[in-house]
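Everything on this sheet refers to the single structure shown next.
Counting starts at 1 for both ligands and their atoms, in listed order.
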Amino acid sequence: METLKDKIQVLRDQFAQAVAEVRDQQALQELRNLYLSRKNGHLTRLFESMKALDPEQKPAAGQELNAIKRHVQAELDRLENKLRAPSRSGPDIDLTLPGRVSYWGSPHPVLHIKERIEQIFLRMGFSIEDGPEMETDFYNFEALNFPPHHPARDDWDTLYIDDDLLLRTHTSPVQIRVMEKRKPPIRMINPGKVFRKETPDPTHLPMFFQVEGLVVDHGITFAHLKGTLECFLKALYHERIKIRFRPSFFPFTEPSAEVDIGCTVCNGGGEECRVCKGTGWLEILGAGMVDPQVFKNVNIDPEEYSGFAFGMGIERTAMFSLQIPDLRYFYENDLRFIRQFSKK
Ligand code: PHE
């Protein structure tokens with residue numbers, strides 16, 4: 001009599017042949033039904049035939065049947081995956097689609113303006129200096145002629161780390177560091193980060209960039225200050241930019257001035273201009289002749305030497321030259337904003 005084992009072997013061979021002939025999903029589904037259907041599947045019927053066996057034969061038969069069932073199921077699943085995979089006859093991609101252009105990145109607009117400013121001053125023979133972002137009270141205030149508790153300190157909203165250490169509120173401490181290190185002639189700029197206790201709004205940021213400038217030599221006068229800044233601003237904006245000097249006060253310069261340029265947005269004509277608020281002028285930097293007391297603080301003889309210094313905010317400058325209405329855009333890291341200034 002044909003044993004269960006024989007039947008299983010026949011079934012295994014038939015199944016292998018049938019599998020080899022399957023070409024599509026429909027044939028696969030039919031094969032699945034033929035073998036596994038609960039009603040009349042070949043395997044279901046074999047399981048049923050087990051009922052007729054002697055009880056002691058049942059466990060071994062059950063094992064064999066389970067093994068062939070697992071084999072059939074695995075083969076059918078493998079076939080299904082194979083049929084689902086894309087056909088190998090043609091390319092898997094549409095070669096007629098235009099390619100995707102990858103974005104190469106570009107300098108951040110603030111960095112870009114900073115580099116332009118550096119280029120202009122390098123051409124005028126200035127060196128580029130560096131200084132720490134965390135400063136002592138001495139460099140940020142005291143040596144710059146702010147006595148302790150002097151009300152002028154209130155103009156700089158300072159972030160203190162402890163009684164003596166602070167985040168520098170301006171780049172002016174680098175003037176002191178450079179004059180301590182080197183004897184005149186000095187002609188330097190220092191671009192860098194500064195920090196102030198401000199809530200961000202369209203015209204204020206708690207962190208921003210400044211560029212400091214310092215010139216010290218024999219016979220430096222206010223005319224040098226004016227000439228240098230005019231030359232710089234014309235190179236940065238354009239030849240016809242209007243420039244005006246207003247008297248001002250800084251503890252470390254005397255006399256002091258604030259420098260305005262004619263509004264780059266309305267050109268002075270817009271009464272409703274949001275950028276210059278209808279004044280026609282934009283305040284762009286602070287400047288002045290180095291105070292003799294500052295020279296004394298760094299052991300330079302104010303009878304022998306004189307000099308001028310200036311400081312400007314880089315984001316403000318970028319804002320005016322790129323016509324950006326809100327300073328916060330610079331640091332939101334929105335690539336849609338930054339990519340607008342990519343030079344390609
Ligand atoms: N440090 C000043 C500021 O932050 C600017 C300045 C620099 C003024 C140098 C005069 C000379 O406002």
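- The aromatic rings of Phe337 and Phe341 stand perpendicular to each other, their planes meeting at an angle above 60°, with 30° marking the opposite boundary.
- Ring geometry for His108 versus Tyr331: interplanar angle under 30°, hence parallel rather than tilted (30 to 60°).
- Not one N or O of Thr169 is nearer than 3.5 Å to an N or O of ligand 1, by distance alone.
- Residue contacts with ligand 1, taken as heavy atom pairs separated by less than 4.0 Å, involve Ala287 solely via the backbone atoms N, CA, C and O.
- Looking at His170 next to ligand 1, an N or O pair under 3.5 Å apart turns up.
- If you take CG on Leu159 and CZ on Arg168, they are separated by 13.5 Å, rounding to the nearest 0.5 Å.
- Taking every non-hydrogen atom of Phe252 and a distance limit under 4.0 Å, the qualifying atoms of ligand 1 come out as 1 (N), 2 (C), 6 (C), 7 (C), 8 (C), 9 (C), 10 (C), 11 (C).
- Near Ser172, with a cut-off below 4.0 Å to any heavy atom, the atoms of ligand 1 are 1 (N), 7 (C).
- At least one test fails for Lys242 against the ring of Tyr237: distance under 6.0 Å to the centre or angle within 45° of the axis.
- If you look at Phe310 next to ligand 1, the close heavy atoms, those under 4.0 Å, all belong to the backbone.
- Aromatic ring orientation, His170 versus Phe141: tilted (interplanar angle from 30° to 60°).
- A distance of 6.0 Å or more separates the ring centres of His224 and Phe308.
- Shown in contact with Gly311 at under 4.0 Å from a heavy atom are these atoms of ligand 1, numbered in order with element: 6 (C), 7 (C), 9 (C).
- In Arg196, the part holding a heavy atom less than 4.0 Å from any atom of ligand 1 is the side chain.
- Taken to the nearest 0.5 Å, the CZ atom of Phe249 stands 12.0 Å off from the CD atom of Glu258.
- The shortest N or O to N or O distance between Glu212 and ligand 1 is not below 3.5 Å.
- Looking at Gln175 next to ligand 1, no N or O pair under 3.5 Å apart turns up.
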